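Right, one structure below, let's go through it.
Since this is a predicted model, take the numbers as computed values, not measurements. Counting starts at 1 for both ligands and their atoms, in listed order.
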Amino acid sequence: MDGKLIVFEGIEGCGKTTQLERSRQWLRTIQSADVISTREPGGTQLGASIRQLLLHSDDEPIHDRTELLLYAADRAQHVEHFLRPHLERGALILCDRYTDSTIAYQGYGRGLNFQLIDQLNQVATGGLQSDLTIWLDIDVEIGFERMKQRGKRDRIEQASLDFHRRVQMGFTKLAEENRDRIVRIDGSGSELTVAEQVKAALSQAFTRWGK
Ligand code: Z5A
């Protein structure tokens with residue numbers, strides 16, 4: 001495939017959505033290729049309904065395995081109806097969360113079986129991996145503080161501090177184990193400082209890809 005899939009990951013409040021948008025604007029000024037952005041969950045029409053179920057369903061508790069399957073269903077639809085078609089025509093895709101979030105949240109956070117998660121990630125993606133993953137690393141407390149200032153919190157964001165610490169440990173381990181694909185960036189600085197580091201990581205990747 002001609003296109004590239006660049007994923008932004010991290011715990012809540014790490015600034016990934018902010019940095020993804022800044023990167024999109026920057027890339028549009030320097031890259032002639034078309035740059036598009038998307039997110040998980042919710043990158044397709046069906047995915048938007050799944051996102052609503054996952055994050056704002058208050059009537060009945062969602063079982064951990066149900067949650068895992070819903071993320072997998074969202075991803076399968078996203079890969080087939082959005083990511084693959086756009087990658088095939090050569091687009092540069094910036095995606096807010098992907099497979100590493102499932103390992104970090106459902107694996108390290110919820111304690112679900114890692115082999116099962118890997119199998120489901122494989123089924124959902126058909127083997128499509130990110131070409132580059134930017135992990136914005138911040139302390140859980142800083143992320144919480146930022147989200148508090150932003151107001152209303154969704155179902156997962158309300159989970160305990162310990163849960164988010166386990167998720168953070170998950171991202172740390174994933175970055176250690178996938179140095180070829182995941183780049184760690186300190187997300188605790190100002191928006192501008194972080195954006196400069198993200199730009200540097202993207203520029204390095206483009207040089208590597210000959211773009
Ligand atoms: N989830 C899962 O469990 N399993 C999966 O497989 C997948 C997802 C794919 C939805 O994700 C939830 O789904 C998520 C994980 C789970 N739940 N949690 N927790 P989401 O991406 O839609 O929601 P989110 O993780 O909570 O991200 P967010 O709300 O988009 O926040 P963010 O991207 O981390 O940060 P932000 O929006 O860019 O910034 C947050 C605030 O901080 C905002 O007010 C900014 O203005 C401010 N900010 C940003 N950068 C800075 C800096 N540098 N300094 C100071 N303030 C800053």
Given that the side chain starts at C-beta and the backbone is N, CA, C, O, which of these parts of [X] lies under 4.0 Å from ligand 1, counting heavy atoms, or is it both or neither?
X: Glu67; result: neither
X: Arg75; result: side chain
X: Thr99; result: neither
X: Ser190; result: backbone
X: His164; result: side chain

Out of [options], whose heavy atom is nearest to [atom]?
atom: atom 1 (N) of ligand 1; options: Phe8, Tyr71, Tyr98; result: Tyr71
atom: atom 48 (N) of ligand 1; options: Arg22, Arg146, Glu40, His78; result: Arg146
atom: atom 22 (O) of ligand 1; options: Arg97, Arg39, Arg51, Glu191; result: Arg51

**OP:** Name the orientation class of the two ring planes belonging to Phe82 and His86 (parallel below 30°, tilted from 30 to 60°, perpendicular beyond 60°).
**Re:** tilted
**OP:** Look at the aromatic rings of Tyr105 and Phe171 and report parallel, tilted or perpendicular, splitting at 30° and 60°.
**Re:** perpendicular
**OP:** Assess the side chains of Ser160 and Asp162: does a donor N or O sit below 3.5 Å from an acceptor N or O?
**Re:** no
Original post:
Looking just at side-chain N and O atoms, do Gln25 and Glu21 make a donor-acceptor pair shorter than 3.5 Å?
Top reply: yes
Could you tell me whether some N/O pair between [X] and ligand 1 is separated by less than 3.5 angstrom?
X: Gln106; result: yes
X: Met147; result: no
X: Val194; result: no
X: Gly10; result: no
X: Gly13; result: yes
X: Lys16; result: yes

**OP:** Mark up the atoms of ligand 1 that fall under 4.0 Å of a heavy atom belonging to Ile11, in ascending order.
**Re:** 34 (O)
Subject >> Those atoms of ligand 1 less than 4.0 Å from some heavy atom in Thr102 >> reply: 5 (C), 6 (O)
**OP:** Identify the heavy atoms of Tyr98 and Ser130 that sit nearest to each other, and give their distance.
**Re:** CE2-N, 4.3 Å
Original post:
Nearest 0.5 Å, what's the CG-CG distance between Leu83 and Leu128?
Top reply: 6.0 Å
**OP:** Tell me, please, which residues at least two apart from Lys199 pass salt bridge (Lys or Arg N to Asp or Glu O under 4.0 Å).
**Re:** Glu196
**OP:** Evaluate the side-chain proximity of Trp26 to Val198: yes if any heavy-atom separation is below 4.5 Å, no if none is.
**Re:** no
**OP:** Kindly indicate whether the side chain of Leu68, heavy atoms from C-beta on, has any atom under 4.5 Å from the side chain of Leu116.
**Re:** yes
Original post:
By ring pair (Phe, Tyr, Trp, His ring centres under 6.0 Å), which residues pair with Tyr108, not counting sequence neighbours?
Top reply: Phe114
**OP:** Decide whether the shortest distance between a heavy atom of Gly143 and an atom of ligand 1 is less than 4.0 Å.
**Re:** no
